[in-house]
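Quick notes on the structure that follows.
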Amino acid sequence: MKKLSLVIPVYNEEASLPALFERTFPALDKLNRPYEVIFINDGSKDKSIDLLKEQHAKRPEQVKIIDFNGNFGQHMAIAAGFEKVTGDMVVTMDADLQNPPEEIARMVEKFEEGHDVVGTVRANRDDPFYRKFFSKIVNITTNKITGLKIHDYGCMLRLYSRHIADIIAESGEGTTFIPAFAQKYASNPTEIDIAHSRREKGESKYSFFRLISLNFDLMTSFSMVPLQFITISGMLISGLSFLFAVFLIIRRLIIGPEAEGLFTLFAIMFFLMGVLISAVGIVGEYIGRIFKEVRKRPKYVIKKEYGISDGKA
């Protein structure tokens with residue numbers, strides 16, 4: 001019987017953890033297979049770590065904890081969990097219960113059918129309209145840019161084979177978007193629709209600006225298309241600007257000096273300045289990634305581990 005490892009990052013989820021425990025462990029018990037749950041405390045400031053240690057005391061063989069000494073982000077927390085898993089299949093899930101743990105059974109069925117990555121799509125998503133709208137735009141745009149086929153980048157309830165989890169854990173990249181990374185190296189991925197509900201307790205950890213930053217990171221991590229788009233756009237605008245300059249010279253020779261068209265020139269200048277600033281910003285994103293990689297700083301720092309042995313099975 002293949003073992004399942006469930007990896008759950010936790011950041012200030014004191015309010016959500018009791019309900020998470022009540023639903024997750026019964027759902028895993030019904031699978032009738034060995035399992036472990038690895039919680040990664042991502043620098044929580046509330047009582048999350050105390051609640052996790054209580055569960056470890058109740059289920060010392062099944063509950064394991066990785067306690068970070070600071071906040072390193074959701075994807076780094078998952079990567080740390082991947083380094084410690086001992087199961088044949090690895091499931092990632094958020095602690096806020098927006099995606100029900102009861103859906104894990106369906107994902108396991110897909111794994112046993114031969115799929116090495118089982119992605120999920122939030123059906124009947126219970127979120128505000130603006131979040132669903134922007135999420136759809138991001139999904140379409142990102143797939144176009146990266147060449148991947150993921151219909152819901154924001155849903156973290158996913159299953160990976162141990163082989164895929166090991167590839168992600170061994171990656172030396174300073175930033176890793178787990179679902180896209182797994183999709184890139186999967187040989188037989190699939191997706192299923194799952195239920196979704198609004199967060200009932202606690203607050204979302206992804207602000208608007210953090211979501212924008214995450215999507216920039218995703219796009220620049222898996223594609224050179226933004227840079228190529230800048231190059232092509234720059235060449236096109238330069239060509240059009242040259243033709244316009246020739247037109248103005250010929251017009252001046254034929255008609256003579258005139259003040260007309262001054263505001264048009266200002267409009268064109270402001271447009272070109274906007275293009276230039278955007279180009280510098282996108283180039284800066286790539287330079288920033290290079291900067292992060294060459295620093296060779298640790299991706300995360302572990303303060304303490306509970307119930308985790310020195311070696312992986």
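Everything numeric here is computed off the predicted structure, so don't read it as measured data.
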- Message: For the backbone of Lys303 and the side chain of Asn69, can you confirm whether one donor and one acceptor N or O come within less than 3.5 Å of each other?
- Response: no
- Message: Between Ile40 and Ile78, does the side chain to side chain contact (heavy atoms under 4.5 Å, CB included) criterion hold? Intermediate values first, please.
- Response: CA-CA 8 Å; Ile40 302 90; Ile78 293 174; 6.0 Å; no
- Task: May I ask you to decide if Thr92's main-chain N or O and Arg158's side chain share a donor-acceptor pair within less than 3.5 Å?
- Result: no
- Taking all non-hydrogen atoms of both residues into account, name the closest pair between Pro34 and Met1 and its distance. CD-CG, 3.7 Å
- Message: Can you confirm whether more than 12 heavy atoms, excluding those of Glu113, are under 6.0 Å from its CD atom?
- Response: yes
- Query: Closest approach of Asp94 and Ile8, non-hydrogen atoms and distance?
  - Reply: C-CG2, 4.1 Å
- Derivation of the side chain to side chain donor-acceptor pair (under 3.5 Å) call for Tyr300 and Asp42: CA-CA 9 Å; Tyr300 48 81; Asp42 190 20; over 6 Å; no
- Query: Got Leu6 and Leu4 here, is their nearest side-chain heavy-atom distance under 4.5 Å?
  - Reply: yes
- Query: Going by heavy atoms in the side chains, are Phe39 and Lys64 under 4.5 Å from each other?
  - Reply: no
- Item | Glu305 bridged to Lys84 by N-O distance under 4.0 Å | yes
- Working to the nearest 0.5 Å, report the span between CZ of Phe82 and CD of Glu170. 12.5 Å
- Item | Non-hydrogen atoms of Val7 and Gly81 that approach each other most closely | CG1-CA, 4.1 Å
- Item | side chain to side chain contact (heavy atoms under 4.5 Å, CB included) evaluation trace for Met156 with His75 | CA-CA 10 Å; Met156 291 306 296; His75 293 272; 4.0 Å; yes
- Query: Are side-chain heavy atoms of Leu159 and Val90 found at a separation under 4.5 Å?
  - Reply: no
- Say whether, by atom type as modelled, one donor and one acceptor occur between the side chain of Asn188 and the main chain of Gly114 under 3.5 angstrom. yes
- Message: If we check side chain to side chain donor-acceptor pair (under 3.5 Å) with Arg59, which of these qualifies: His56, Gln62, Glu61?
- Response: Gln62
- Message: On a heavy-atom basis, which atom in Ile194 and which in Cys155 lie closest, and how many Å separate them?
- Response: CD1-SG, 3.8 Å
- Pair Asp29, Tyr35: side-chain N/O donor-acceptor within cut-off below 3.5 Å: yes
- Task: With side chain to side chain contact (heavy atoms under 4.5 Å, CB included) as the test, would you mind laying out the steps for Phe68 and Val301 before giving the verdict?
- Result: CA-CA 6 Å; Phe68 283 176; Val301 179; over 6 Å; no
- Note on the structure: Rounded to the nearest 0.5 Å, the CZ atom of Arg162 sits from the CD1 atom of Ile167 at a distance of 12.5 Å
- Message: Under 4.5 Å between side-chain heavy atoms, counting indirect links through other Ile/Leu/Val/Met/Phe/Trp/Tyr residues: same cluster for Val121 and Val91 or not?
- Response: no
- Task: Evaluate the side chain to side chain contact (heavy atoms under 4.5 Å, CB included) criterion for residues Arg122 and Leu157: first the C-alpha distance (whole Å), next the side-chain angles of each, then the deciding distance (0.1 Å), finally the verdict.
- Result: CA-CA 10 Å; Arg122 291 168 287 188; Leu157 181 59; over 6 Å; no
- Query: Which pair of heavy atoms, one from Ser187 and one from Pro189, lies closest together, and at what distance?
  - Reply: C-CD, 3.6 Å
- Task: Indicate yes or no: at least one non-hydrogen side-chain atom of Thr86 is less than 4.5 angstrom from one of Lys3.
- Result: yes
- Query: Any sub-3.5 Å donor-acceptor pair from Asp67's side-chain atoms to Lys304's backbone N or O?
  - Reply: no
- Message: Ser48 vs Asn41, test: side chain to side chain donor-acceptor pair (under 3.5 Å). Steps then yes/no.
- Response: CA-CA 7 Å; Ser48 293; Asn41 181 44; 5.1 Å; no
- So how far is it from Ile302 CD1 to Ile65 CD1, rounded to the nearest 0.5 Å? 12.5 Å
- Item | Polar side-chain atom of Asn71 near backbone of Gly43 as donor-acceptor pair, under 3.5 Å | no
- Report yes if the side chains of His163 and Asp166 come closer than 4.5 Å at any heavy-atom pair, otherwise no. no
- To the nearest 0.5 Å, what is the distance between CD1 (Ile66) and CG (Leu52)? 11.5 Å
- Query: With distance as the sole criterion, is a donor-acceptor pair present between the side chains of Ser16 and Asp96 under 3.5 Å?
  - Reply: no
- Would a 4.5 Å heavy-atom cut-off, applied to side chains only, mark Val117 and Thr190 as touching? no
- If you measure from OG1 on Thr120 to CE on Met93, what distance do you get to the nearest 0.5 Å? 11.5 Å
- Item | Nearest-0.5 Å distance, CE of residue Met89 to OG of residue Ser161 | 10.0 Å
- Note: Pro9 and Ala95 closest approach over all heavy atoms is O-CB, 3.8 Å
- Measure the shortest side-chain to side-chain distance between Phe111 and Lys2 over non-hydrogen atoms and say whether it is less than 4.5 angstrom. yes
- Message: Any carboxylate oxygen within less than 4.0 angstrom of a Lys/Arg side-chain nitrogen, looking at Lys110 and Glu191?
- Response: no
- Item | Contact check, side chains of Gln55 and Phe25, non-hydrogen atoms, under 4.5 Å | yes
- For the pair Arg106 and Glu103, find out whether any cationic side-chain nitrogen is under 4.0 Å from an anionic carboxylate oxygen. yes
